[in-house]
Amino acid sequence: MEIGWPPEASSRKLPRTRQTPSGRRGARPEILASAIALLVLASAALFLAREWAIAHVWGFPLDDAWIHAQIARNIANGQGMSFNPGERVAGSTGPLYTILLALLYRGTGEFVWTAKTLGVLCQCASGVLIFFAMLRWDPRGRVKALLAALIVALSPALLWASLSGMEISLYLLFVCAGIYFDARGQHQGAILAWALGVWVRPDGLFLLLLGLCFLRRDLWKSALLASAVVLPFFLFNLMVGGTLFPQTVGAKAHLAFDPVHRTWNLFREWTALWGIPYRATDEVEHPALVLVALAAGAYALRRKNPLLAIYAIGLPLVLSLFREQSGSGKRYILYVIPFGAILAAHGFEFLSRKLLRERAFQGLVLAGAITIAWQGAYVVHKASLYGWNVQNIDRMQGYMGRLSRLLTKPGDRIATNDIGAIGYMSERPVVDLMGLVTPWMPLPQSLSRYRPELLIIFVDWFKDYAEYEPGHNTFLFYDADSTHQYAVVAGVELAHNTISAKDQMLLFKRYPRGAPLPEHQLLRRF
């Protein structure tokens with residue numbers, strides 16, 4: 001059957017067993033759904049085992065996850081939406097996710113396991129929702145439904161994201177819930193899910209607009225429903241940060257049309273997600289045959305459900321208007337995976353029928369087995385990479401945050417280009433040199449305005465302001481009024497860097513200008 005199953009048919013209760021295309025009775029949907037969830041849990045356990053074996057600590061693979069934790073802690077402690085207590089700021093890209101973390105923190109008293117558990121549960125639910133959505137579209141296509149669900153559930157990139165402490169898995173859940181409601185013919189349910197997703201990922205507006213364009217039943221009701229959810233999002237940001245979008249969006253996104261560099265780069269990163277790398281560092285997490293099947297599925301469903309292909313292919317192209325790349329782990333385009341998985345499953349079936357005819361079922365099973373086996377094998381590598389990511393963040397930003405707490409007293413400010421773990425671990429107010437939670441200004445002006453006690457940076461990023469001191473073979477930074485200097489007292493270097501922007505981060509301490517430079521420096525190599 002094709003997508004476009006009549007609503008009256010899609011609303012019928014599915015029987016517990018049904019003939020598969022091979023003529024054999026398949027397992028009950030509930031059993032298959034449970035198996036999907038168990039595979040996610042087993043994969044998550046592997047990731048956690050590698051995390052402990054490599055990092056010897058429970059943490060996050062991205063510094064940005066600690067930004068959520070810091071803001072959530074302040075919310076839970078009655079400090080409101082703030083990174084620095086008492087300084088209200090729209091510093092969370094996904095305010096709904098951060099608020100949810102804060103509510104959970106009130107019950108659990110910690111963030112790391114709370115965020116990991118939430119992410120894994122969202123990953124389980126997303127795979128199961130795709131499975132039942134596929135069955136709603138085609139009740140007899142159980143193998144096809146299982147294939148699409150497993151591509152999502154066992155995607156190495158999405159498993160990594162589920163344990164990252166980021167908002168990725170929560171938004172993925174809203175995406176998959178919308179797909180499921182669409183499959184049931186409950187279009188307003190889909191619009192509601194995708195509108196709520198905007199509170200987690202502002203770029204979810206693209207999917208919401210596509211939904212309003214293509215799910216035309218009761219358009220005015222759907223538009224009013226979407227407005228009732230999205231307008232408060234804009235109002236919230238205005239009240240908290242004075243802008244329509246979170247301040248992180250303004251700091252990271254810059255509108256420009258550049259098809260030669262931006263668009264082409266994002267498109268190549270999108271193809272790398274589907275198995276065609278263009279850089280030595282690209283990870284081939286899905287086999288290239290998935291991209292072939294995705295294209296075939298887009299062709300087969302071009303009339304029945306064009307939204308799937310337009311979003312799967314269009315997201316990176318639209319994103320290129322605002323960004324030059326898709327972020328660490330391609331995390332800004334991972335949301336195309338459920339749509340690509342559905343298209344690929346239909347594409348495998350379409351190609352099998354065209355090329356193999358009477359052996360179409362065997363072809364579908366073989367293509368699915370190759371795809372899932374590829375992903376399963378890559379999960380092992382991704383789990384080790386995840387462990388190193390956690391190790392990097394803890395040994396660099398986490399270490400600098402813990403050291404800063406020892407070197408300062410409450411109320412002392414710390415200026416840094418990575419605010420997450422340093423702010424959370426130090427429990428000191430932070431001057432954000434990248435402009436995410438404090439206003440951006442040139443480094444010397446920041447040093448003069450805030451007079452931070454410590455400066456923790458990647459020196460390469462601020463080399464225009466650095467002055468080399470040959471007598472001591474070190475760098476110095478000066479504030480704008482030239483009354484103070486910042487000299488190196490500590491540093492960290494990663495021997496196996498898999499996620500940090502630079503291998504080395506240095507900690508500078510504030511001294512009066514002309515003061516003797518410190519004789520001893522604490523330089524750690526991990």
Side-chain angles (χ1 to χ4, degrees), residues 61-65 67-68 90-95 97-98 157-158 160-161 164-172 174-175 194 197-210 230 233-234 237 241 243-274 276-279 281-283 285 310-340 389 417-420 432-437 440 458 460-461 499-502:
L62 284 175
D63 187 63
D64 287 5
I67 298 178
H68 283 299
S92 172
T93 302
Y97 174 71
T98 307
L158 293 181
W160 178 93
S164 69
M166 296 293 287
E167 74 278 358
I168 300 170
S169 296
L170 180 61
Y171 180 65
L172 184 77
F174 283 120
V175 168
W194 293 338
V198 175
W199 279 82
V200 183
R201 286 295 312 172
D203 46 29
L205 281 170
F206 177 55
L207 178 57
L208 177 61
L209 291 174
L210 287 180
V230 174
F233 169 74
F234 294 132
N237 292 318
T243 57
L244 288 175
F245 289 93
Q247 289 169 237
T248 49
V249 175
K252 295 181 179 180
H254 306 283
L255 181 62
F257 178 65
D258 185 358
V260 176
H261 296 98
R262 282 191 175 192
T263 305
W264 179 233
N265 184 65
L266 263 294
F267 181 74
R268 287 187 297 179
E269 292 188 355
W270 179 84
T271 59
L273 182 66
W274 301 112
I276 303 180
Y278 78 98
R279 293 175 298 199
T281 56
D282 282 330
E283 299 175 47
E285 298 171 324
I310 292 175
Y311 183 80
I313 300 171
L315 177 62
L317 304 182
V318 171
L319 187 65
S320 71
L321 296 175
F322 304 94
R323 294 186 58 89
E324 296 178 357
Q325 42 82 31
S326 58
S328 302
K330 302 181 178 65
R331 67 184 192 269
Y332 298 127
I333 59 172
L334 294 182
Y335 315 113
V336 304
I337 291 178
F339 296 87
N389 293 163
N417 52 246
D418 279 0
I419 64 173
D432 183 2
L433 299 176
M434 307 311 293
L436 299 181
V437 299
W440 181 90
F458 300 131
D460 286 358
W461 288 11
I499 196 68
S500 184
K502 295 291 180 180

| task | Step by step, work out the side-chain contact (heavy atoms from CB on, under 4.5 Å) result for Tyr335 and Leu207. | result | CA-CA 10 Å; Tyr335 315 113; Leu207 178 57; over 6 Å; no
| query | Between Leu317 and Leu266, is a side-chain contact (heavy atoms from CB on, under 4.5 Å) present by the stated rule, with each step listed? | reply | CA-CA 7 Å; Leu317 304 182; Leu266 263 294; over 6 Å; no
Ignoring hydrogens and angles, tell me if any N or O in the side chain of [X] forms a donor-acceptor pair with the backbone of [Y] under 3.5 Å.
X	Y	answer
Trp194	Val175	yes
Asn417	Phe458	yes
Glu269	Ser326	yes
Arg262	Phe257	no

Just how far is it from atom [atom1] of [X] to atom [atom2] of [Y], taken to the nearest 0.5 Å?
X	Y	atom1	atom2	value
Leu319	Gln325	CG	CD	9.0 Å
Arg201	Ile168	CZ	CD1	7.5 Å
Asn265	Arg279	CG	CZ	6.0 Å
Leu62	Ile499	CG	CD1	5.0 Å
Ile419	Asp63	CD1	CG	7.5 Å
Thr248	Asp64	OG1	CG	9.0 Å

| message | Counting neighbours of CD on Glu324 that are heavy atoms of other residues, nucleotides or ligands and sit closer than 6.0 Å, is the number greater than 12? | response |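 Incorrect, the count does not exceed 12.
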| request: Report, as yes or no, whether the 6.0 Å neighbourhood of atom CH2 on Trp264 holds more than 12 heavy atoms from other residues, nucleotides or ligands. | output: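 Result for CH2/Trp264: open.
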| task | Just say parallel, tilted or perpendicular for the rings of Phe245 and Phe233, cut-offs at 30° and 60°. | result |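 The arrangement is perpendicular - the two ring planes meet at more than 60°.
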| said: Parallel, tilted or perpendicular, judged at 30° and 60°: which one describes the rings of Trp274 and Trp270? | reply: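 Because their plane-to-plane angle is over 60°, the rings of Trp274 and Trp270 count as perpendicular.
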Could you report the tightest heavy-atom contact between [X] and [Y], atom names first, then the distance?
X	Y	value
Gly340	Ala312	N-CB, 4.3 Å
Leu436	Gln247	O-CB, 3.8 Å
Ser164	Ala65	O-CB, 3.2 Å
Ala501	Trp461	CB-CZ2, 3.4 Å
Ser320	Thr263	OG-OG1, 3.0 Å
Gly204	Tyr171	CA-OH, 3.1 Å

Counting C-beta onward and ignoring hydrogens, is there a side-chain heavy-atom pair between [X] and [Y] closer than 4.5 Å?
X	Y	value
Leu315	Phe339	no
Ile67	Thr93	no
Thr98	Pro95	no

| Do Arg323 and Asp203 meet the salt-bridge criterion of a basic N to acidic O distance under 4.0 Å? |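 Looking at Asp203 and Arg323, the cut-off is not met.
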| request: Run the salt-bridge test on Asp282 and Arg268 with the 4.0 Å N-O cut-off and return the result as yes or no. | output: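 Answer for the salt bridge query: no.
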| query | Would Leu334 and Leu172 satisfy side-chain contact (heavy atoms from CB on, under 4.5 Å), going step by step from the backbone distance to the final call? | reply | CA-CA 9 Å; Leu334 294 182; Leu172 184 77; over 6 Å; no
| Steps toward side-chain contact (heavy atoms from CB on, under 4.5 Å) verdict (Tyr332, Lys252) | CA-CA 12 Å; Tyr332 298 127; Lys252 295 181 179 180; 3.7 Å; yes
